[in-house]
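Hydrogens, waters and symmetry mates play no part in the numbers below; they use all other heavy atoms, side chains included.
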Amino acid sequence: MFDPQTIETAPNGEMTVRTTMADDEWLTGMLLSYGDSVQVLAPDFIRQRIADTAPLWHRYYEQGYPARTPGQKEPGVVYGVYSDYASDEQGAYSLLVGVEVEAGGELSAELTVKTIPAATYAVFTTRVGPMVEIIQEAWARIWAWAQESGVKRTFVSDFERYDGVRCADPNQAQVDIYVAIEQK
């Protein structure tokens, strides 16, 4: 994925990549897809974004939220929801991990409720493969598609849908990514 001239390999096999990339949701997704196998050295604001986001998924499962969230519409289906975009893929946004629940149900105060707005969504389905790779590839494909297709993204909300069947094995997973677009 990187130009070989941008990669320095240490004797222990660790690699340092020095490159310039657009600060957008694809970059964040790509970096997060490496899990704990990547460390962002600079710039500081991207280091902080990755530090704030990566633990979100870990905490969600470690603290047992999927099992203790009442009123789930589809048990076993988890969403990564991108919302509150400041502008476009290069601006700030919020990320929430959770499940779809019945409207009006009682939820504990520690949970955040986010309504995904009704919109027209382009749906991208990843290939089957390791979660790290397929999410990275899909967002790269979405980013390129958005630039080449002429279809305009609305940035009201985007989301990844991880179902308990196709994502049961993180090494053989398949994910659907919904991207809000202008209706034609």
Side-chain angles (χ1 to χ4, degrees), residues 1 21-38 46 49-67 69 72-101 111-147 149 151-182:
M1 136 171 256
M21 301 179 90
D23 176 25
D24 55 24
E25 65 191 28
W26 176 84
L27 175 63
T28 302
M30 184 271 295
L31 291 170
L32 288 170
S33 74
Y34 286 105
D36 61 4
S37 299
V38 70
I46 293 179
R49 183 183 310 145
I50 299 305
D52 292 344
T53 306
L56 179 65
W57 286 92
H58 180 72
R59 264 193 332 268
Y60 180 75
Y61 286 102
E62 186 177 76
Q63 294 180 8
Y65 285 110
T69 303
Q72 294 183 39
K73 283 189 172 183
E74 297 179 274
V77 176
V78 176
Y79 293 88
V81 179
Y82 302 86
S83 63
D84 305 318
Y85 286 95
S87 56
D88 56 18
E89 70 272 3
Q90 294 185 31
Y93 58 87
S94 298
L95 171 62
L96 179 74
V97 177
V99 296
E100 184 178 12
V101 296
L111 298 177
T112 300
V113 176
K114 182 61 140 181
T115 301
I116 297 174
T120 299
Y121 289 92
V123 182
F124 298 84
T125 301
T126 68
R127 68 177 174 85
V128 174
M131 189 81 69
V132 169
E133 292 176 20
I134 63 172
I135 297 300
Q136 176 183 343
E137 289 171 3
W139 278 109
R141 190 176 78 205
I142 291 165
W143 190 67
W145 168 83
Q147 291 186 344
S149 69
V151 174
K152 293 189 181 194
R153 293 181 57 192
T154 62
F155 298 100
V156 294
S157 186
D158 302 313
F159 57 94
E160 301 164 349
R161 183 180 188 277
Y162 299 85
D163 72 59
V165 176
R166 294 182 305 156
C167 297
D169 178 354
N171 293 309
Q172 291 296 314
Q174 188 172 40
V175 176
D176 294 322
I177 301 175
Y178 292 71
V179 177
I181 59 172
E182 286 185 0

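Every residue two or more places apart in sequence or in another chain that forms a side-chain contact (heavy atoms from CB on, under 4.5 Å) with Pro75 is listed here: Gln72. Residues satisfying the side-chain hydrogen bond (donor to acceptor under 3.5 Å, both in side chains) criterion with Thr125, sequence neighbours excluded, are Asp176. Residues satisfying the side-chain contact (heavy atoms from CB on, under 4.5 Å) test with Thr112, not counting sequence neighbours, are Leu96. Asp163 pairs by the salt bridge (Lys or Arg N to Asp or Glu O under 4.0 Å) definition with Arg161, Arg166, not counting sequence neighbours. By the salt bridge (Lys or Arg N to Asp or Glu O under 4.0 Å) test, Lys152 pairs with no residue at all, sequence neighbours left out. Under the ring-ring contact (aromatic ring centres under 6.0 Å, His included) criterion, Tyr121 pairs with Phe159, not counting sequence neighbours.
The OH atom of Tyr162 sits 12.5 Å away from atom CD of Gln174, with the distance rounded to the nearest 0.5 Å. Atom NZ of Lys114 is separated from atom CD of Glu100 by 15.0 Å, given to the nearest 0.5 angstrom. Note that the OG1 atom of Thr126 and the CD atom of Glu133 stand 11.0 Å from one another [nearest 0.5 Å]. The structure places OH of Tyr82 at 12.0 Å from OG of Ser94, a figure rounded to the nearest 0.5 Å. For the atom pair Asp158 CG and Leu95 CG, the distance stands at 11.0 Å (nearest 0.5 Å). Atom CG in Leu111 sits 5.0 Å away from atom OG1 in Thr69 (nearest 0.5 Å).
Nearest heavy atom pair, residue Val99 against residue Val77, reads CG1-O, 3.4 Å. Of all heavy-atom pairs spanning Ala180 and Ser157, the tightest one is CB-O, 3.2 Å.
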Walk me through whether Asp88 and Arg153 qualify under side chain to side chain contact (heavy atoms under 4.5 Å, CB included). CA-CA 8 Å; Asp88 56 18; Arg153 293 181 57 192; over 6 Å; no

